[in-house]
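Notes for the one structure printed next.
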Amino acid sequence: MTKHRTRTLAAACLLLATAGLAATGCSKSEGDDKAAAPSSSSDAAQQQVTESATAAADGCTLTAYGAQKLDLKNAVVGFSQSEKEDNPFRIAETQSIKDEAAKLGVKKLLTTDAQSQLPKQISDIQDMLNQGAQLLIVAPLNSDGLEPALQAAAAKHVPVITIDRKINATSCKDYVTFLGSDFVKQGQRAADAMIKATGGTGQVAILLGSSGNNVTTDRTKGFLDEIAAKAPGLKVVAQQTGDFTRDKGQQVMEQLIQSKPGITAVYAENDEMGLGAVTALKSAGKNPGKDVKIVSVDGTRNAVQAIVAGQYNAVIESNPRFGPLAFATAQKFYAGEPIPENVIISDRAYDESNAKDSVAGAF
């Protein structure tokens with residue numbers, strides 16, 4: 001590891017130390033993808049920072065952003081959720097923000113749910129600003145389109161921290177930082193799990209996430225590039241959008257069973273679509289996890305339990321518990337310390353070797 005990367009990693013790890021988190025992931029090498037199974041659900045809840053893409057000295061500061069110093073215990077904080085909270089990832093994410101705000105004694109937490117509608121997310125953010133929000137934590141629905149909301153925040157010099165999806169905007173101008181996973185790497189790891197499950201041969205269908213955000217683009221790229229490089233015998237025969245929902249994933253899988261009967265594997269870009277595919281396959285008389293291998297991304301308890309039941313093959317985690325890291329980052333920012341443009345967290349992986357022992361820690 002170069003001196004530059006060592007310095008950036010150390011800066012990112014300090015974000016966790018502020019919140020009193022166990023930053024054990026910071027002692028791992030960057031190639032150590034698979035964390036040990038947690039001993040309890042509380043251990044699993046901790047996001048571990050592995051990398052930041054900006055040196056601390058070059059990060060965003062309170063002065064550079066044009067914001068005022070703020071004590072979170074006297075602050076109004078707004079959290080904008082992007083999607084319907086019938087998705088376990090979104091439920092866990094929102095609850096994590098609420099729990100950490102309560103733990104820190106934040107004066108007032110405003111929460112909104114855009115219900116997967118971009119115009120609503122824009123108006124949600126504008127409404128929170130009108131209610132006096134002094135800090136915004138935003139889970140963007142799309143990578144593009146939030147400009148009116150960002151402009152409204154900038155006009156009031158309200159810092160914006162983005163989580164779990166990147167936005168196509170300028171850091172330290174439109175937003176402070178992005179906190180989340182390396183989605184390309186998630187796709188690569190899903191491909192490696194698929195190669196292991198299939199032996200590197202067969203016909204794969206990809207259930208794509210919603211369009212217009214970097215998560216779908218990056219998880220697809222990582223998977224396709226890794227398959228092309230390592231398993232030319234594994235052919236991708238279909239790519240259809242399931243919009244990150246279980247119902248749509250089931251519908252798409254039902255169609256693919258008819259149009260592509262030779263499919264032997266499914267890569268779902270989140271667990272909900274993967275679980276929808278399980279339902280479709282069982283209804284068609286197929287044996288998911290055996291006749292058709294299934295790998296997905298998220299780490300929900302239902303998906304990990306499906307591995308235990310033999311109906312699923314692997315899950316790459318995408319940890320939604322952003323509360324501690326988001327507020328730790330805010331505290332560092334308001335203390336005048338520079339914040340990296342991107343703070344990347346590590347993600348676990350689940351398969352038949354650890355799923356049974358890990359169910360309790362899944363979300």
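Counting begins at 1 with the first residue of the sequence.
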ask   = Quick one: does Thr216's side chain have a donor or acceptor within less than 3.5 Å of a partner on Ser211's backbone?
value = no
inquiry  = Holding to side chain to side chain donor-acceptor pair (under 3.5 Å), I want the full list of residues that pass it with Gln121, two or more places apart in sequence or in another chain.
reply    = Ser80
Within one Ile-Leu-Val-Met-Phe-Trp-Tyr cluster: [X] and [Y], side-chain cutoff 4.5 Å:
X: Met194; Y: Val292; value: no
X: Val49; Y: Ile163; value: yes
X: Phe322; Y: Leu110; value: yes

Looking at [X], I'd like to know if its [atom1] atom is crowded, meaning that more than 12 non-hydrogen atoms belonging to other residues, nucleotides or ligands lie closer than 6.0 Å.
X: Lys221; atom1: NZ; value: no
X: Lys107; atom1: NZ; value: no
X: Gln239; atom1: CD; value: yes
X: Glu147; atom1: CD; value: yes
X: Lys120; atom1: NZ; value: yes

task = Kindly state each residue pair satisfying disulfide bond (SG atoms under 2.5 Å apart) with at least one member in residues 152-252, sequence neighbours excluded.
result = Cys60-Cys172
Say whether [X] and [Y], considering side chains only, have a donor N or O and an acceptor N or O under 3.5 Å apart.
X: Gln186; Y: Arg219; answer: yes
X: Thr300; Y: Asn302; answer: no
X: Ser318; Y: Asp347; answer: no
X: Gln250; Y: Glu254; answer: yes

ask   = Just how far is it from atom CD of Gln305 to atom NZ of Lys356, taken to the nearest 0.5 Å?
value = 10.0 Å
ask   = Angle class for the Phe223/Tyr267 ring planes (parallel below 30°, perpendicular above 60°, tilted otherwise)?
value = parallel
query = Are the side chains of Leu146 and Ile122 in touch, meaning some heavy atoms are under 4.5 Å apart?
reply = yes
Verdict with supporting geometry, Asp351 and Ser353, side chain to side chain donor-acceptor pair (under 3.5 Å) = CA-CA 5 Å; Asp351 59 22; Ser353 71; 2.4 Å; yes
